Number of protein chains: 2
Amino acid sequence: MTTVDETEKGPRKQADRVRDMQDRLIAATVICLDRYGYSGTSISAIQDAAGVSRGAILHHYPSRQELIAATAARLLDAALRPTQEGRPGRGDGAKNLEELLLFYWRQVMNVPEGRAFIEILVACRTDEALESALSDLFTTWDAKVAETARHRFAAFTEDPDDAALLWSVARTFLRGLIIHSRFVDNPAHLENMVRRFAALISPQISLKTRAH
Amino acid sequence: MTTVDETEKGPRKQADRVRDMQDRLIAATVICLDRYGYSGTSISAIQDAAGVSRGAILHHYPSRQELIAATAARLLDAALRPTQEGRPGRGDGAKNLEELLLFYWRQVMNVPEGRAFIEILVACRTDEALESALSDLFTTWDAKVAETARHRFAAFTEDPDDAALLWSVARTFLRGLIIHSRFVDNPAHLENMVRRFAALISPQISLKTRAH
DNA sequence: GCAGACATACCGTACGAACGGTTTGTTTTC
DNA sequence: GAAAACAAACCGTTCGTACGGTATGTCTGC
């Protein structure tokens, strides 16, 4: 009778409970990083945002740093997907580079997940322990994105790696744009900068038509 | 006899003492921001880096935040100068855009002052008080830089503001490159990205020959 | 020109708050 | 009933800030 699936509430399987709790914790961490920054993302803040007790957090992640690292891993994994498979009806699978960059700006970078990840990246620069815990993840992720870019984009130069290089330049620009927001009061101006950058890069790269 | 200027040591004038102390405090703050990040730049850390007492810091700057704000103001003021007047023999007054961007990357952005300023910018996103204390400074500084860019650069479009827009795009990219460093182990690759970006933007902009 | 009043720069300590992490206790699942 | 999941009280440390006291510089009246 315990194996009967109740759709009401209170998941009974332990594996589900663990997954749900960890999802809640990571989601709360993302929200805190976006709202309060890296230093403001204390265990107490995460506790309040997730609506759980202090012990629950430390049970799944023995230290604050491991929770942050797990959050970074999940964010990287999630950011990998819209590149590989265009999510239907969400704006990816754009026909030109301006549409694609605007999609990335609106749906990947300038969202809580993107801003939270930048907080982690900036913190890694001065946090030795966090950096060493994530550096391997970063390099492999970057290589994976480069490989995807090689398949998806075509550059007008002979160098096959140029498309990947240009795509990393584009991501770098979009990340810088998050920081540049402090100088600009009007969000529309930021999108104009995206469009201007797209105009810069468009003559040098072209979207491959989806083959499959 | 008190008006006789001694060049030996021990500044007697109080105004000199104040200036020297504030210089030391701001320099120490820059070092701490670069090394330990925003959250790690505590009063204790600044105290150790400057080699002064705790009370001396709080005397000149009644709170940690005001010291950070004063540091931001000084960094912005210092960053304004190499654009207006090419410092002799330091690499500015470059002949093409690639040289100029590499100069900015090596001598302005990827230095303790540049990295420290990014820490402040990122902190402003989530620190309401710091943001409101600096937002006016940021907008006026950005406008000043744009004005300088309008005079220094010439864009190949009819829009006179396009040069300023492109220059802000370039600065945004260089700032993003500081963050992108986490993904790259080889610093030479970062300079390659600068060169690739310079190649993107070079056909669209041209350096005005210094008239004066 | 100097003595005393005043203002400013600087120092050391103390206190409240918040943090990360541990320990102990309770509930749920198998 | 044993182990895992969760809750809550607790501890040591560190932070920012405030305050009392001291040294140094500056001004004023005679």
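All values reported here derive from a predicted model rather than from experimental measurement. Labels below follow one simple rule: chain letters A, B, ... track the order of the sequence lines, proteins then strands, and each chain is numbered from 1.
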Using distance only, find each side-chain donor-acceptor pair of residues 169-176 of chain A under 3.5 Å and give its atom names and separation, not counting sequence neighbours.
| unit_1 | atom_1 | unit_2 | atom_2 | d |
| --- | --- | --- | --- | --- |
| A:R171 | NH2 | A:D142 | OD1 | 3.1 |
| A:T172 | OG1 | A:S168 | O | 2.8 |
| A:R175 | NH2 | B:H180 | ND1 | 3.2 |

Quick check on C:dA9: is either OP1 or OP2 less than 4.0 Å from any side-chain nitrogen or oxygen of B:R17? no
Could you check how far CG of B:D20 sits from P of C:dA9, rounded to whole Å? 13 Å
Can you list, in residue-number order, the parts of residues 125-134 of chain B that come under 4.0 Å of DNA chain D, counting heavy atoms only? none
A:Q47 CD to D:dA7 P, straight-line distance once rounded to whole Å: 9 Å
Kindly write out the residues that satisfy side chain to side chain donor-acceptor pair (under 3.5 Å) with B:R19, not counting sequence neighbours, or none if the list is empty. none
Does B:V18 have any side-chain contact (heavy atoms from CB on, under 4.5 Å) partners at least two apart in sequence or in another chain, and if so, which? B:Q22, B:H60
Residues in contact with DNA chain C, drawn from residues 54-62 of chain B - heavy-atom cutoff 4.0 Å: B:R54, B:G55, B:A56, B:H59, B:H60
Qualifying residues under side chain to side chain donor-acceptor pair (under 3.5 Å), relative to B:N110, sequence neighbours excluded: B:R115
Hey, can you pull the residues of residues 21-44 of chain B with a non-hydrogen atom under 4.0 angstrom from DNA chain C? B:M21
Just to verify, what does B:A146 make a side-chain contact (heavy atoms from CB on, under 4.5 Å) with, not counting sequence neighbours? B:R150, B:A164
Taken in chain and number order and not counting sequence neighbours, the residues that satisfy side-chain contact (heavy atoms from CB on, under 4.5 Å) with B:S53 are B:A56
Please enumerate all residues that pass side chain to side chain donor-acceptor pair (under 3.5 Å) together with B:D48, with sequence neighbours excluded. none
Do A:V194 and A:L190 come within less than 4.5 Å of each other through their side chains, counting heavy atoms only? no
Return the set of residues passing side chain to side chain donor-acceptor pair (under 3.5 Å) with A:R196 (not counting sequence neighbours), or none when no residue passes. B:D162, B:Q204
Without decimals, in angstroms, what is the distance between A:D48 CG and C:dG20 P? 12 Å
Return the set of residues passing side-chain contact (heavy atoms from CB on, under 4.5 Å) with B:E131 (not counting sequence neighbours), or none when no residue passes. A:R182, B:C124, B:S135
